[in-house]
Amino acid sequence: MRQFPAFFNLDNASVVVFGGGEEARRKVRLLAATPARITVIVSKIDPGFAEEFAGRITIAPPEHAGPALDVARFAIVANRLDANAEKAITMARQYGVPLNVVDHPELCDFTVPSIIDRGDVVAAIGTNGSAPVLAKSIREKLEALLPKRIGDLAALASRLRPDVKAAIPDNKARRRFWEGALTGPTADLAYAGDIEGAEVAMRAQLASGTAAEGIVHIVGAGPGDPELLTLKALRLIQEADIVYFDRLVSEEILSLIRRDADRVPVGKSKGDHSVPQETIHELLIASAQEGKRVVRLKGGDPFIFGRGGEELEAVRAAGVAATVVPGISSALGCAAAAGLPLTHRDHAQSLTFVTGHAKAGGVPDLDWVSLARPAQTVVVFMGVGTSATIAEKIIAAGRAPSTPVAVIENGTRDNEIRVFGTLAELPHLIQRAGIKGPALLVIGEVAGLPAEAIAQAFKEHVA
Ligand SMILES: C[S@@+](CC[C@H](N)C(=O)[O-])C[C@H]1O[C@@H](n2cnc3c(N)ncnc32)[C@H](O)[C@@H]1O
């Protein structure tokens, strides 16, 4: 390590930036996020520069550089290495001010790292000035890993610090308290935006001397492709102590769960019987009450035909904290993967999601007349077993038998199957392709577009 990382304290401090071009502007943008007084020394400034930082910077000509450098904590030379820049460098050296010269690490006292700014939490990645592009790419990876509200959590810790110190004088015990508070379920509350809740939980923990209660995250796992997980879902899966998952959650996604976390399948148990919904509620509540970070992982989006709403109500009714993380519903994921636009200005002005499976079994009592209206797309979930009746009822209600349909099984997964045809032939399409589900039925003109595109591409290829 040739460079020693350190952070400048910029409370009540002044800094100087030489230059009025794009480079200077970038540096001023970074500095403007700090409390520093910023003086920009410039003889010619780009249009819009002064306006962008109005009220935030003082602009001064080169002849006023001396007084500014006299009180500066550091200086940045961000103009091209011409006579003006050389003069600025000489002056900064005369005043003994630590200096950064943009794009010239050999002239720098310090380099400006690639920065992740989360308020009180700041991460800086440096490469000794040798590969700033590499630093930027590392920063992008870290950005995805650091919760957006980690700075709020740090600010909360800073507010509570005196109380914690007074309540727990022993250093080791205090560290244990912070480890629990800043990495456990209380931290999750803060990351979910409930800073007040996190503060209440931390104070309760402090008063009782016990570990915090757990939390349940109801998380959408998307249609199967792990790259379609949200960043939040990925983080929660990796932090969970226990994961209750549905049958629809793909193996690749389950492999992202921490090795030492418990995994509990609740979609189907031995003998092919679903775990009763009430039992799932009890399991989620009991695990959280043991102080665990619980993830309830559900296929697609938890609130679309997923009973996530019931789980949320039950968990909250038991006084357990809960959050919901949306997922990409299979309808959206499968359609996108198939290049099938669910709405289209020329073909479908509305989109309806329906279930093809009634609570008591069989076909549900749907409004067939409304589903038969033209210029709309109907996506049927759980409709493989009832496809014959669904097609029959929609045709009887007035939709043309020639209406295009698509059936997508295991969408976005390696074993995905797509078939295209007409509403009249829907049950035969399913039977012929041996589709058993999970599958979606897409009914409407848009379902014909991928097949048309394939046919067109084939024609062009042959021609
Ligand atoms: C209980 S629902 C859950 C839906 C889920 N919450 C969502 O937003 O996609 C299960 C149905 O979703 C559909 N489904 C889920 N994942 C799918 C996939 N990868 N490919 C096709 N259909 C899928 C099937 O219709 C399946 O029977």
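When a ligand or atom number is given, it counts from 1 through the structure's own listing order. Predicted model only: the values in this text are computed from it and were never measured.
Around the CD atom of Glu251, the shell of radius 6.0 Å holds no more than 12 heavy atoms that belong to other residues, nucleotides or ligands. Counting non-hydrogen atoms of other residues, nucleotides and ligands closer than 6.0 Å to CD of Gln238 gives a total above 12. Residue-environment remark: CG (Asp365) stays at or below the threshold of 12 foreign heavy atoms within 6.0 Å. The 12-atom threshold is exceeded at CD of Gln277, counting heavy atoms of other residues, nucleotides or ligands nearer than 6.0 Å. Heavy atoms from other residues, nucleotides or ligands lying under 6.0 Å from CZ of Arg29 number more than 12.
Considering only non-hydrogen protein atoms, atom 17 (C) of ligand 1 sits nearest to Ser330 CB, 3.5 Å. Here the protein heavy atom with the shortest distance to atom 12 (O) of ligand 1 is Phe381 CD2, 3.5 Å. In terms of protein heavy-atom proximity, atom 3 (C) of ligand 1 is closest to Phe305 O, 3.3 Å. The protein heavy-atom contact nearest to atom 27 (O) of ligand 1 is Met382 CG, 3.2 Å. Of the protein's heavy atoms, Ala439 O, 2.7 Å lies nearest to atom 25 (O) of ligand 1.
Remark: ligand 1 and Pro223 share an N or O pair separated by less than 3.5 Å (distance only, no angle test). Polar contact check, Val380 against ligand 1: no nitrogen or oxygen pair lies under 3.5 Å apart. Note: no N/O pair closer than 3.5 Å links Gly300 and ligand 1 by distance alone. Of the N or O atoms in Gly411, one or more lie within a sub-3.5 Å distance of an N or O in ligand 1. At a 3.5 angstrom cut-off on N or O pairs, Glu409 does not count as close to ligand 1. At a 3.5 angstrom cut-off on N or O pairs, Ile304 counts as close to ligand 1.
For the side chain to side chain contact (heavy atoms under 4.5 Å, CB included) criterion with Thr377, the lone passing option out of Leu340, Ile443, Thr343, Val446 is Val446.
Under a 4.0 Å criterion applied to the non-hydrogen atoms of Ile408, ligand 1 contributes the atoms 21 (C). Taking every heavy atom of Leu248 and a limit of under 4.0 angstrom, the matching atoms of ligand 1 come to 10 (C), 15 (C). Per-residue contacts place Pro438 under 4.0 angstrom from the following atoms of ligand 1 (heavy atoms of the residue considered): 20 (N), 21 (C), 22 (N), 23 (C), 24 (C), 26 (C).
In this structure the side chain of Arg296 reaches within 4.5 angstrom of the side chain of Val266, judged on heavy atoms. Within the 4.5 Å cutoff, the side chain of Leu31 has heavy atoms near those of the Ile76 side chain. Between Val264 and Phe245, the closest side-chain pair of non-hydrogen atoms is not below 4.5 Å.
In Arg413, the part holding a heavy atom less than 4.0 Å from any atom of ligand 1 is the side chain. Using a 4.0 Å cut-off between heavy atoms, Cys334 contacts ligand 1 through its side chain alone, with no backbone atom that close. In Val384, neither the side chain nor the backbone holds a heavy atom less than 4.0 Å from any atom of ligand 1. At a 4.0 Å heavy-atom cut-off, ligand 1 touches Ser329 through backbone and side chain alike.
Scanning for ring pair (Phe, Tyr, Trp, His ring centres under 6.0 Å) contacts around His344 gives His347, with sequence neighbours left out.
Remark: distances from the non-hydrogen atoms of Gly299 to ligand 1 include one below 4.0 Å.
A ring-centre distance under 6.0 Å is found for Phe8 and Phe110.
Stacking of Arg161 on the aromatic ring of Trp178 is recorded, both the 6.0 Å distance cut-off and the 45° axial limit being met.
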